[in-house]
Each structure stands twice: as structure tokens, then as C-alpha cells.
Amino acid sequence: MIEKWFLTYADSVYAFVYTRVEKNRQTAADVLQATFLEALENINKYQSSKGTVLTWLILLSRNHIKNALRQKEKFANFSPDSGDGELTAVIEKIADEPLPDEIIEKQETAELVQITLAGLPEKYRDVLNQFYCRQKMIKQIAEDNRQSKIVVKITLHRARNAFKKAFLKNSKSLHSPCCSERRTL
């Protein structure tokens, strides 16, 4: 079963992880491996009624991403005392104060969008990325992909619908009681 999951979901999980580990391929591959190892060890804990396999794998990956970023920080050559001490004071203030709820909510929403995008078929991810992130016009997308404008419009419409459906499902999965302990990144 885990082999089938790996073949089916590895690319999507990797895409989710890759952007969060500063596009470091080795770190992303390590996190992917750790995620699937944890999935194998805890396969009996997966409940299909709580969400898709992809959502569960993404949730598992979040702690591994956090650990990888912590490890990277340990070895970084950063000295906050190299300046006049102002940076140190700012860092200490941030460390002592909790983040406002709205910042946390924005971060969670951004992560949920990334989880949802990672789970979409590649052609949907691509057209959404071109239209919304790169802000290309439908005509330009059609020309770049050697498609008609109608095909691009239809694909974009289907991609939006698929995104909406998956986003709502993932949102419910992430906020269910079984997943609340995993929400650490």
C-alpha cells in the first residue's frame, strides 16, 4: 500500500515540501523520505474518513519540514551581535511575544492553499499558476501552451472548481480534532 501511495503522491508532497525548505532539493528529498517512513510506521492511524491520503501525508511532512529548518538554523553562520545590538533586541522581543492570531491564520491559509495546489493534477496547477501567480492573460497562456483560448478558459474553469472542492475538503481535514496535534508548522 505504501508503495502505491509513494508512486501516486510523492511528486505532490515533494512540491509542497520543496517550497518550504527554501527550494533545497536535498532537504526536500530528506523530508519526503522521512514523511513516507513515518507514514509506513503509522499506516494503521490513517483514517480515510478524516481526509485524503495526500492531506495526511502533507500533515505528516509539516513536522519534518520544521525539523529540517531547525537543523539548518543550527549550522547557519549568523551572528545577531555583529551590529549595534538593535537586531538582538528585536529578535528577543519577537521570541518573547506570541504571534497575533491573524498572522497565524494567514500562514495557515497560505499553507492550506499550497496543500490544495499540490494535490491538483499538474495541468490544473499549471494553469492556475500562470493565471494567478504569473498574472498571464488567457490569450498569453493559450499561445504559450499552443492551445486555443477556449481550451484554456475551460481548463481554468475546471481548475478553479477542483481547487475549491479540494480546498474545502482539506480545510475540514486540517481543522478536525484528529489533525489538531499535527498543526505545528
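For this chain, numbers begin at 1 and follow the sequence in order. Since we're looking at a predicted model, the values are computed, not measured.
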Engineer: Are Leu60 and Phe36 close enough, and set up right, to give a side chain to side chain contact (heavy atoms under 4.5 Å, CB included), and what steps lead you there?
Structural biologist: CA-CA 8 Å; Leu60 293 177; Phe36 276 92; over 6 Å; no
Engineer: Quick check: does any side chain N or O of Asn145 sit under 3.5 Å from a backbone N or O of Ile141, one acting as donor and the other as acceptor?
Structural biologist: yes
Engineer: Does any N or O in the side chain of Arg62 come within less than 3.5 Å of the main-chain N or O of Ile58, such that one atom is a donor and the other an acceptor?
Structural biologist: no
Engineer: Assess the residue pair Val13 and Leu57 against the criterion (side chain to side chain contact (heavy atoms under 4.5 Å, CB included)); give the C-alpha distance rounded to whole Å, side-chain angles, the decisive distance to 0.1 Å, and a yes or no.
Structural biologist: CA-CA 7 Å; Val13 175; Leu57 291 169; 3.9 Å; yes
Engineer: Could you tell me if Arg20 sits above the aromatic ring of Tyr18, with its cationic atom closer than 6.0 Å to the ring centre and no more than 45 degrees from the axis?
Structural biologist: no
Engineer: Working to the nearest 0.5 angstrom, can you tell me the gap between Lys153 NZ and Ile138 CD1?
Structural biologist: 5.5 Å
Engineer: Hydrophobic clusters here meaning ILVMFWY residues chained together by side-chain heavy-atom distances under 4.5 Å, can you tell me if Val31 and Leu37 are in one?
Structural biologist: no
Engineer: Under 3.5 Å, is there a donor-acceptor pair between the side chain of Arg125 and the main chain of Ala118?
Structural biologist: yes
Engineer: Working to the nearest 0.5 angstrom, can you tell me the gap between Tyr14 OH and Thr19 OG1?
Structural biologist: 10.5 Å
Engineer: Check for a donor-acceptor pair, side chain of Asn42 on one end and backbone N or O of Lys45 on the other, with a separation under 3.5 Å.
Structural biologist: no
Engineer: Would you say CD of Glu122 has more than 12 non-hydrogen atoms from neighbouring residues, nucleotides or ligands within 6.0 angstrom?
Structural biologist: no
Engineer: Show the nearest heavy-atom pair for residues Leu54 and Ser12, with the distance to one decimal.
Structural biologist: CD1-CB, 3.8 Å
Engineer: Please find the pair of heavy atoms, one from Leu120 and one from Ala159, that lie closest to each other, and give the distance.
Structural biologist: CD1-O, 4.5 Å
Engineer: Starting at CG of Leu156, measure out to NZ of Lys149 and round the result to the nearest 0.5 Å.
Structural biologist: 14.0 Å
Engineer: Kindly indicate whether the side chain of Val17, heavy atoms from C-beta on, has any atom under 4.5 Å from the side chain of Leu32.
Structural biologist: no
Engineer: Is there a path from Val127 to Val151 through hydrophobic residues (I, L, V, M, F, W, Y) whose side chains come within less than 4.5 Å of each other?
Structural biologist: no
Engineer: State whether the number of non-hydrogen atoms from other residues, nucleotides or ligands found under 6.0 Å of Lys136 atom NZ is greater than 12.
Structural biologist: yes
Engineer: Verify the cluster assignment for Ile43 and Val53: are they in a single hydrophobic cluster under the rule of side-chain heavy atoms below 4.5 Å apart?
Structural biologist: yes
Engineer: Whether the side chain of Thr27 engages the backbone of Asn24 through a donor-acceptor N/O pair (distance < 3.5 Å, no angle test) should be reported.
Structural biologist: no
Engineer: Is it possible for you to check whether Arg160 lies under 6.0 Å from the centre of the six-membered ring of Tyr124, through NZ or CZ, and within 45° of that ring's axis?
Structural biologist: no
Engineer: Measuring from atom CG of Asp144 to atom CG of Asp126, what distance do you get when rounded to the nearest 0.5 angstrom?
Structural biologist: 9.5 Å
Engineer: Mind checking the CZ-OG1 spacing from Phe163 to Thr116? Nearest 0.5 Å is all I need.
Structural biologist: 5.0 Å
Engineer: Taking CD in Gln33 as the centre, count heavy atoms belonging to other residues, nucleotides or ligands within less than 6.0 Å. Is the count above 12?
Structural biologist: no
